[in-house]
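As structure tokens, the structure follows; a few thoughts come after it.
Since we're looking at a predicted model, the values are computed, not measured. Chain A is the first sequence line, chain B the second, and so forth, proteins listed ahead of strands; every chain is numbered from 1.
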Amino acid sequence: MIRRTALKPPSPAALLRWYDAHARDMPWRMKGGKRPNPYHELLSEFMLQQTQVATVIPYFHAFTKRWPTLMALAKASLDDVRHAWSGLGYYRRAKFLHQCVKAVVERHGGKIPQDEEALRALPGIGPYTAAAIAAIAFDKKAVVVDGNVERVMARVFAVEEKLPAAKKKLHELASSILPKNRFGDYAQAVMELGAMMCTPKNPQCTKCPWQNNCAAFAKGMAQAYPRKATKKVTPQKYSTAFITLNKKGEVLLRRRDEKGMLGGLWEFPGTPWETAKPSASALKRHAPVKLRWQTGKKPVSHVFSHFKLETALRIGHSAAAFFPDTKHNGEYRWMKWKDLSTLALPTLTLRIADAAKEYLEAKS
DNA sequence: CACGCGTGGAA
DNA sequence: TTTCCAAGCGT
């Protein structure tokens with residue numbers, strides 16, 4: 001019979017001591033129990049959804065400089081907010097953020113509500129973000145569970161059930177070890193522990209304040225948790241983009257549909273993204289205008305959240321100024337190369353633009 | 001509940 | 001080079 005020493009439950013106080021000594025500086029974060037500007041907290045939470053702290057920081061500075069208050073952001077145009085979000089990814093968040101701050105103005109007189117239920121009712125705010133804002137901005141008692149917290153709980157309690165099925169259990173475990181005060185600091189402390197110590201790979205268990213309370217560490221198996229369902233492979237897709245230049249040296253762009261991927265952002269016209277390379281007839285069908293296209297050198301490869309895309313380039317000079325054929329739905333516009341960055345562009349469009357400019361400069 | 005939805009850093 | 005995956009949300 002294996003004799004096993006019962007582990008003491010993890011101590012919130014011990015974690016808070018570690019946090020006070022080791023927490024990173026973040027521009028929206030206050031230390032020593034002080035509460036942040038609620039607008040800063042809300043803005044950072046939108047940006048931090050599925051996005052790492054280091055990636056968010058420059059965007060946070062840009063937003064707060066341009067829109068110092070929630071009211072200022074609520075008065076901005078959606079195009080401007082999307083433009084400022086360009087490159088950050090998951091672009092739906094920009095639209096939800098804009099809708100959210102406008103809803104705060106309309107429903108709550110411009111003051112961010114403090115209770116989870118009212119927060120949860122706002123666009124783009126789900127269970128995590130509502131709990132995080134309530135706890136961090138207002139020091140309300142809330143169970144703040146993100147991917148970090150799930151990983152920490154799965155290890156501390158050696159949860160065998162696989163993600164995502166284990167989510168409910170992990171939430172219950174997180175709620176079972178809340179502190180009696182400093183709810184905001186504690187929420188950040190568990191997440192910070194997950195981000196800095198209890199990492200997915202090579203966790204730093206020997207430096208962890210909960211080392212002696214961790215069932216997974218006791219088994220020498222920390223990295224094996226959380227258990228996960230196997231996930232499927234990401235498909236490869238292909239497309240061709242048309243770089244259309246007019247005599248004024250402008251290039252043709254079109255706006256993507258509001259729904260779906262990269263909604264409302266600008267791209268070069270091209271073929272749909274499909275698992276087979278576009279056929280000759282597809283190229284003819286989807287070219288924005290009929291002219292002699294030159295083939296670019298190397299295709300641009302890009303990885304999205306759920307597939308890979310390889311985009312070939314066709315470059316053509318349009319003899320006459322023309323208005324794009326109306327059979328192509330959507331909004332079109334001509335832009336100077338140097339003005340491209342004034343549009344809300346996804347990274348794919350920027351990379352295609354770079355490849356096209358390289359090609360054109362090599363030819364001239 | 002499973003899926004669609006970006007990007008870049010780390011290993 | 002490839003793989004993993006991050007302070008999730010809406011449908």
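Contact annotation: Tyr90(A) side-chain N/O to dG4(B) OP1/OP2 distance is not under 4.0 Å. Remark: Arg93(A) is not in phosphate contact with dG6(B), judged by side-chain N or O atoms under 4.0 Å from OP1 or OP2. Phosphate contact (OP1/OP2 of dG8(C), side-chain N/O of Arg120(A), threshold under 4.0 Å): absent. When the side-chain nitrogen and oxygen atoms of Thr129(A) are compared with OP1 and OP2 of dC9(C), one or more of them lie within a distance under 4.0 Å. Applying the 4.0 Å criterion to OP1 and OP2 of dG8(C), one finds that Gln50(A) has a side-chain N or O inside that range. Between Lys228(A) and dC5(C), a side-chain N or O to OP1/OP2 separation shorter than 4.0 Å is present. Not one side-chain nitrogen or oxygen of Thr55(A) sits closer than 4.0 Å to the OP1 or OP2 atom of dT7(B).
Distance CZ (Phe304(A)) to P (dC3(B)): 20 Å, rounded to an integer number of Å. Atom C1' of nucleotide dC5(B) and atom CG of Leu348(A) are separated by 15 Å, given to the nearest angstrom. Summarising the geometry, the separation between CD1 on Ile57(A) and C1' on dT7(B) is reported as 16 Å, rounded to the nearest angstrom. Met261(A) places its CE atom 7 Å from the P atom of dT7(B), with the value rounded to the nearest Å. dC9(C) atom C1' lies 14 Å from atom CG of Asp146(A), rounded to whole Å. Going from atom CD of Gln99(A) over to atom C1' of dG10(C) covers 11 Å, rounded to whole Å. We find that CD of Glu192(A) is positioned 10 Å from C1' of dA7(C), with the value rounded to whole Å. The distance from atom CD1 of Ile133(A) to atom P of dG8(C) is 13 Å, rounded to the nearest whole Å.
Here the nucleotide nearest the side chain of Leu262(A), chosen from dG6(B), dA6(C), dT3(C), is dG6(B). Distances were taken from every side-chain heavy atom of Tyr128(A) (C-beta onward) to each of dG8(C), dT7(B), dA6(C); the shortest belongs to dG8(C). Distance from the side chain of Met191(A) is smallest to dA7(C) among dA7(C), dG6(B), dC9(C). Of the candidate nucleotides dA7(C), dG6(B), dA6(C), dA7(C) has the atom nearest to the side chain of Glu45(A). Checking dA7(C), dG6(B), dC9(C) against every side-chain atom of Met26(A), the shortest atom distance belongs to dA7(C). In the set dG4(B), dA7(C), dG6(B), the nucleotide with an atom closest to the side chain of His306(A) is dG4(B).
Here the two rings, on Phe60(A) and His40(A), have centers that are under 6.0 Å apart.
Between Trp293(A) and Phe242(A), the ring planes lie tilted relative to each other; the angle falls in the 30° to 60° range. Between Trp337(A) and Phe268(A), the angle of the ring planes lies from 30° to 60°, which puts this pair in the tilted group.
A donor N or O paired with an acceptor N or O is found under 3.5 Å between the base of dC9(C) and the side-chain atoms of Arg92(A). Contact of Thr51(A) with dG6(B) (side chain to base): a donor-acceptor pair of N or O atoms is detected under 3.5 Å.
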* Would you sort out whether Thr275(A) and Gln236(A) count as a side-chain hydrogen bond (donor to acceptor under 3.5 Å, both in side chains), showing the intermediate values? => CA-CA 6 Å; Thr275(A) 51; Gln236(A) 175 76 56; over 6 Å; no
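Neither Phe217(A) nor Leu7(A) shares a network with the other; the hydrophobic side chains, linked directly or stepwise wherever heavy atoms of I, L, V, M, F, W or Y lie under 4.5 Å apart, form separate groups for each.
A salt bridge links Arg182(A) with Asp185(A): the distance from a Lys NZ or Arg NE/NH1/NH2 to an Asp or Glu carboxylate oxygen falls below 4.0 Å. Salt bridge annotation for Glu150(A)-Lys167(A): present, with a cationic side-chain nitrogen under 4.0 angstrom from a carboxylate oxygen.
Across all strands, Gly260(A) comes closer than 4.0 Å only to sugar-phosphate atoms, never to a base (heavy-atom distances). Nucleic acid contact for Gly87(A): sugar-phosphate only, since backbone atoms but no base atoms lie under 4.0 Å from a heavy atom of the residue. Using a 4.0 Å heavy-atom criterion, one finds that Ala54(A) contacts no nucleic acid atom at all. In this structure, Gln188(A) reaches neither bases nor backbone, as no heavy-atom distance under 4.0 Å exists between it and the strands shown. Nucleic acid contact for Val303(A): base, since at least one base atom lies under 4.0 Å from a heavy atom of the residue.
Where Tyr91(A) and Pro164(A) meet DNA chain B, the nucleotide closest to each residue was compared, and Pro164(A) sits on the side nearer the 5' end. Comparing Leu345(A) and Ala165(A) by the nucleotide of DNA chain B whose heavy atom lies nearest to each, the residue mapping closer to the 5' end is Ala165(A). Nearer the 5' end of DNA chain C, as judged by each residue's closest nucleotide, is the contact made by Lys201(A), out of Gly147(A) and Lys201(A).
Taking the P atom of each, dG8(B) and dC9(C) are spaced 22 Å apart, rounded to whole Å. The gap from the C1' atom of dC1(B) to that of dG8(C) amounts to 15 Å, rounded to the nearest Å. For the C1' atoms, the distance linking dG6(B) with dC5(C) amounts to 12 Å, nearest Å.
Base-pair partner of dC1(B): not found among the strands shown (Watson-Crick or G-U wobble, both distances under 3.5 Å).
No more than 12 heavy atoms of other residues, nucleotides or ligands lie within 6.0 Å of CD in Glu117(A), so this atom counts as exposed by the packing criterion.
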